[in-house]
S.K.: 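Before we start, here is the structure in question, set down as structure tokens.
All ligand and atom numbering here is 1-based and tracks the order in the structure. In this text the structure is predicted, and so the values were computed from the model without any measurement.
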Amino acid sequence: MSETNPAAAEVAAPHRYTAAVAAEIEARWQDVWDADGTYAAPNPKGDLAGDPGLVAKPKKYVMDMFPYPSGAGLHVGHPLGYIATDVFARFQRMTGHNVLHTLGFDAFGLPAEQHAVQTGEHPRVTTEAAINNMKSQLRRLGLGHDKRRSFATIDPEYYKWTQWIFVQIFNSWYDDKAKKARPISELVARFESGERAVPGGRSWDALSAAERADVLGEYRLAYASDAPVNWCPGLGTVLANEEVTADGRSERGNFPVFKAKLRQWNMRITAYADRLLDDLNELDWPEAIKLQQRNWIGRSEGARVDFPIDGEAITVFTTRQDTLFGATYMVLAPEHPLVEKFTPAAWPEGTHDVWTGGHATPAEAVAAYRAQAASKSDVERQAEAKDKTGVFTGAFATNPVNGEQIPVFIADYVLMGYGTGAIMAVPAHDTRDFAFARAFELPIRCVVEPSDDRGTDASTWDDAFVSYDAKIVNSHGEDVSLDGLGVTDAKARITEWLQRKGIGEGTVNFRLRDWLFSRQRYWGEPFPIVYDEDGIAHSLPESMLPLELPEVEDYSPRTFDPDDADTSPETPLSRNQDWVDVTLDLGDGRGPRPYRRETNTMPNWAGSCWYELRYLDPHNSEKLVDPEIEQYWMGPRAGQPHGGVDLYVGGAEHAVLHLLYARFWSKVLYDLGHISSPEPFHKLYNQGMIQAFVYRDSRGFPVPAAEIEERDGAFFHNGEQVKRELGKMGKSLKNAVTPEAICEEYGADTLRLYEMAMGPLDVSRPWDTRAVVGQYRLLQRLWRNVVDEATGEVTVVDAEPDETTLRALHKAIDGVRQDLEGLRFNTAIAKVTELNNHLTKAGAAVPRPVAESLVLLIAPLAPHIAEELWRKLGHTDSVVHQEFPVADPRYVVDETVTCVVQVKGKVKARLEVSPAISDDELEKVALADEKVVAALDGAGIRKVIVRAPKLVNIVPA
Ligand code: ANZ
């Protein structure tokens, strides 16, 4: 039948599967599913409790990283992950699991707020409109979400609990001995009883309320501090380190970011550095993401060493205490608090000109240099620039191993926020120190024997010699010698010596910083904190939560000069006096008192730190989540010792920020006994991106992709030739394709299939609208195998399938099952297609058992057409909860066997081959395999050992 003339075809085949049929079927079944609560996942108890039979099934918690409801709506790239989790969730439902799958909205955030600033429209209005728009876009895709469990982070019933968690974190401290968080009241009890000494040596009773608050502030897991922060005047807010780009600008908006001292809330995530690192080992996450988290946490083993100066000491952090004898000068971060203290009034006699920077006094030099350093970001300061800048402070400290007087500099390549903010410089063996020493004509002393032929006279070297497994030389003092030792032994010996002398100790240092938690914005969760007349912070009792956002006249942070670091923030919340100044009885026995509210808001990350818990028990007004329900869905079990969501899918861009913060909150809640799972996400999977072609005119501006003409491999827009490149999809690049457009043209099932068939889920792929029709044809052929296009009658016959069909069927069942379980949706679709083509080619009416299995196989991928055909086949209950077909091994075995291909003894590939394959043939197939080619990486081959059909062993040259 001709497919080129659709109008004619429709007359000939009034019951063909067309876009119109798809639209009708899809809308109809979506309504039925909603009305029947088809995707409602029962809880063991609570107001979402349901069928105990279902609850007795093994559970599967399948989750997406929830979206920010952007006003621009979704393009076809956005739902890739949502479709994938939906297919997986449907498959799990059909294989005997109670499946929790839903989607909420991460709805606080800058875009809606910026819109509010410009238009005066409340961000809630635009955000809710965007949520509704997105919901209807998503509904059209037939995603099987339990809608009763959906929420947005801006819902007061939700952020009540975000605030409640903040209160728990505020009211707890980290007990280093027990290695867990505990209520702060336990710490107070210890101070009161004298069981624990109060820092500063006074008794708890003798301290004023403000002094006590200061002491506790040093322990609380959420605390306010005046530390230097990333201040972004362009956004009118401070930012977390994670939100600042490698070139010192804001990730959002690309504004310059400065260091400034502002009183801010912080989360003591550093207390959890070890556990955040250790627990990664048990998680089923992509190695690349684990590595990024490990690097971000940045554990370094080293030592702290005191360098005496004027009867006091400067403490440095070093990872190379074995090179102490090579330390020829010291460097402090420009902001180091001891700088003033040791800076003399005048330059010492004979100070080198290059050391003074041309300044008359050390104080002048320090002040000038500090001003210069403040304008640079940490990243700029750390950049491997050849020119190292700095200035002498006029002071000398003593190298404790040999008594030498060494000059103390300040230089911006040393950061205040890392280690102790002070280093001993070993120019012979550290690249940055080497560059600095050359610039400032400082001595360079070799203490690690070079393995090349440069010799031990470092004055002749061109660069530092950096090695971790060489021999230590030139390193002996009065009562300690490291000469001849390897690096590791030398470290151990000198650390032991330092410890014995009481001038140093081995320590572990982390790159991770505490999490800067406040923002000077309107559209975020208000802090559940008030200040009393002494300025002491108090948390609000649970009965006062949620603390809702007040109405304000003006949403903007005060207008700032984005390039001026000397501005300071004025928060929108501070402009509503009635809200800020309140009289409250906090229930602490002090009666009603005047308080001033905290006027910062929480950062965007807060809401996404715990949403996986709220899906479990979304309407609980007594608790953040009922413990029994949490245990059922999230609790630890075999293979998941830390519990967590069974599958969490989202983009790799969240490697550090969201995933680290959420892990941290889980651990605090776990320590405090609120949940049973110390990890939120057991298995993480990063989907690739859907890319799209971008067409640019001669000026480099994108032109609408939909208006491009292709001629002989060249591309034209309005007759002008344009350039094509592969990029992101989006409105700004004029290449966005909406899911609605594809649904209209082909239906949602086709869109779902196309997105899943484009390639392996974790690989990025270019969108190609012209290729979508391929999946549409598959569905048309599937339909035709069950329904007569002329009459609409079901054509299947009650007959036994023949042997080849049985083989094709069970092979498909076996493969599709494995593929769906392994998230290999593209190959699953290929197998369904193969089976369907087999039936089409056979040309005869399809035996009922085969047709039914085929419908069940495709049901997770294309649920609407599957539901329709299932009912047409005479069933009265939904396809959604049917059992997924199970392959009969008699028809699967021996068709192929798995051949393992090893390179250098390591398994590199598995091939499905015929059991009858010859050694020669198998060798050819193995050597042509992509993974094998990659493993060989161009190396020649010394020997190939073939044991057909099961093993090939390749020995590279
Ligand atoms: C002496 C030394 C000799 C060092 C040597 C290195 C090589 P990681 O591994 O990243 O932890 N350092 C310490 N604190 C610093 C700060 N606040 N700003 C900049 N650099 C700092 O790096 C630790 C090393 O970085 C430390 O070990 C210190 O230099 C430097 F051959 O001490 B080392």
Side-chain angles (χ1 to χ4, degrees), residues 227-228 241 259 270 273 277 294-307 314-339 373 376-385 388-390 397 399-401 406 408-437 442-451 456 458 461 463-475 482 486-488 490-491 494-495 498 504 506-513:
N241 291 343
K259 279 279 170 215
T270 49
L277 210 52
R294 288 195 184 106
N295 288 342
W296 188 262
I297 297 167
R299 185 179 197 276
S300 291
E301 265 178 53
R304 281 173 197 255
V305 185
D306 292 341
F307 283 64
I314 297 174
T315 307
V316 303
F317 170 70
T318 176
T319 47
R320 293 302 301 270
Q321 59 271 39
D322 54 310
T323 63
L324 253 166
F325 285 91
T328 52
Y329 66 101
M330 296 182 78
V331 184
L332 304 189
E335 311 84 348
H336 198 292
L338 290 180
V339 173
K376 286 197 203 167
S377 74
D378 281 4
V379 181
E380 284 170 317
R381 286 170 53 163
Q382 288 258 293
E384 289 288 331
K388 288 278 171 277
T389 63
N399 184 338
V401 289
I406 57 176
V408 180
F409 282 73
I410 56 173
D412 63 8
Y413 76 96
V414 174
L415 303 177
M416 195 55 227
Y418 190 65
T420 61
I423 66 158
M424 63 177 206
V426 184
H429 306 294
D430 181 277
T431 329
R432 292 175 302 175
D433 297 347
F434 187 91
F436 191 90
L442 288 153
I444 302 176
R445 186 180 306 148
C446 169
V447 292
V448 182
E449 192 173 60
S451 51
T456 53
W461 295 0
D463 54 8
F465 173 70
V466 182
S467 167
Y468 302 93
D469 62 0
K471 207 167 72 182
I472 303 297
V473 294
N474 292 334
S475 296
L482 307 179
V487 167
T488 314
K491 278 188 185 177
I494 195 72
T495 307
L498 290 165
T507 60
V508 175
N509 199 58
F510 292 94
R511 188 157 294 278
L512 183 69
R513 296 282 72 110

S.K.: When rounded to the nearest 0.5 angstrom, what is the spacing between CD in Gln321 and CZ in Arg304?
M.R.: 12.5 Å

S.K.: Would you call the rings of Phe436 and Tyr329 parallel, tilted or perpendicular, taking 30° and 60° as the class edges?
M.R.: parallel

S.K.: Mark up the atoms of ligand 1 that fall under 4.0 Å of a heavy atom belonging to Arg320, in ascending order.
M.R.: 2 (C), 3 (C), 5 (C), 6 (C), 7 (C), 31 (F)

S.K.: Side chain or backbone, does Leu415 bring an N or O within less than 3.5 Å of an N or O on ligand 1?
M.R.: yes

S.K.: Find the distance between CD1 (Ile410) and OG1 (Thr389) and round it off to the nearest 0.5 Å.
M.R.: 9.5 Å

S.K.: Is it the case that the side chain of Arg445 and the backbone of Thr328 share a donor-acceptor pair, with hydrogens and angles ignored and the cut-off at 3.5 Å?
M.R.: no

S.K.: Could you name the option among Phe434, Phe510, Phe317, Tyr413 that has the heavy atom nearest to atom 13 (C) of ligand 1?
M.R.: Phe317

S.K.: Near Thr319, which atoms of ligand 1 are under 4.0 Å from a heavy atom of that residue?
M.R.: 9 (O), 11 (O), 23 (C), 24 (C), 26 (C), 27 (O)

S.K.: Does Arg432 approach ligand 1 within less than 4.0 angstrom via side chain, backbone, both or neither, non-hydrogen atoms only?
M.R.: side chain

S.K.: Which one of Ser300, Gly298, Gly421 has a non-hydrogen atom at the shortest distance from atom 8 (P) of ligand 1?
M.R.: Ser300

S.K.: Hey, which atoms in ligand 1 end up nearer than 4.0 Å to a heavy atom of Arg511?
M.R.: 8 (P), 10 (O)

S.K.: Which ligand 1 atoms are under 4.0 Å away from a heavy-atom of Met424?
M.R.: 1 (C), 32 (O)

S.K.: Any non-hydrogen side-chain atom of Ile444 less than 4.5 Å from a side-chain atom of Phe434?
M.R.: yes

S.K.: Have a look at ligand 1 and work out which part of Val414, if any, has a heavy atom under 4.0 Å from it: side chain, backbone, both or neither.
M.R.: both

S.K.: Side chain or backbone, does His429 bring an N or O within less than 3.5 Å of an N or O on ligand 1?
M.R.: no

S.K.: Just to be sure I read this right, does ligand 1 sit under 4.0 Å from the backbone of Thr318, its side chain, both, or neither, counting only heavy atoms?
M.R.: both

S.K.: Please report the closest heavy-atom contact between Met330 and Val316, naming both atoms and the distance.
M.R.: CE-CG1, 3.4 Å

S.K.: Identify, by atom number and element, the atoms of ligand 1 in contact range of Thr323, meaning under 4.0 Å from any of its heavy atoms.
M.R.: 3 (C)

S.K.: Measure the CZ-CH2 distance between Arg511 and Trp296 for me, rounded to the nearest 0.5 Å.
M.R.: 9.5 Å

S.K.: Please report the closest heavy-atom contact between Thr420 and Thr315, naming both atoms and the distance.
M.R.: OG1-O, 2.7 Å

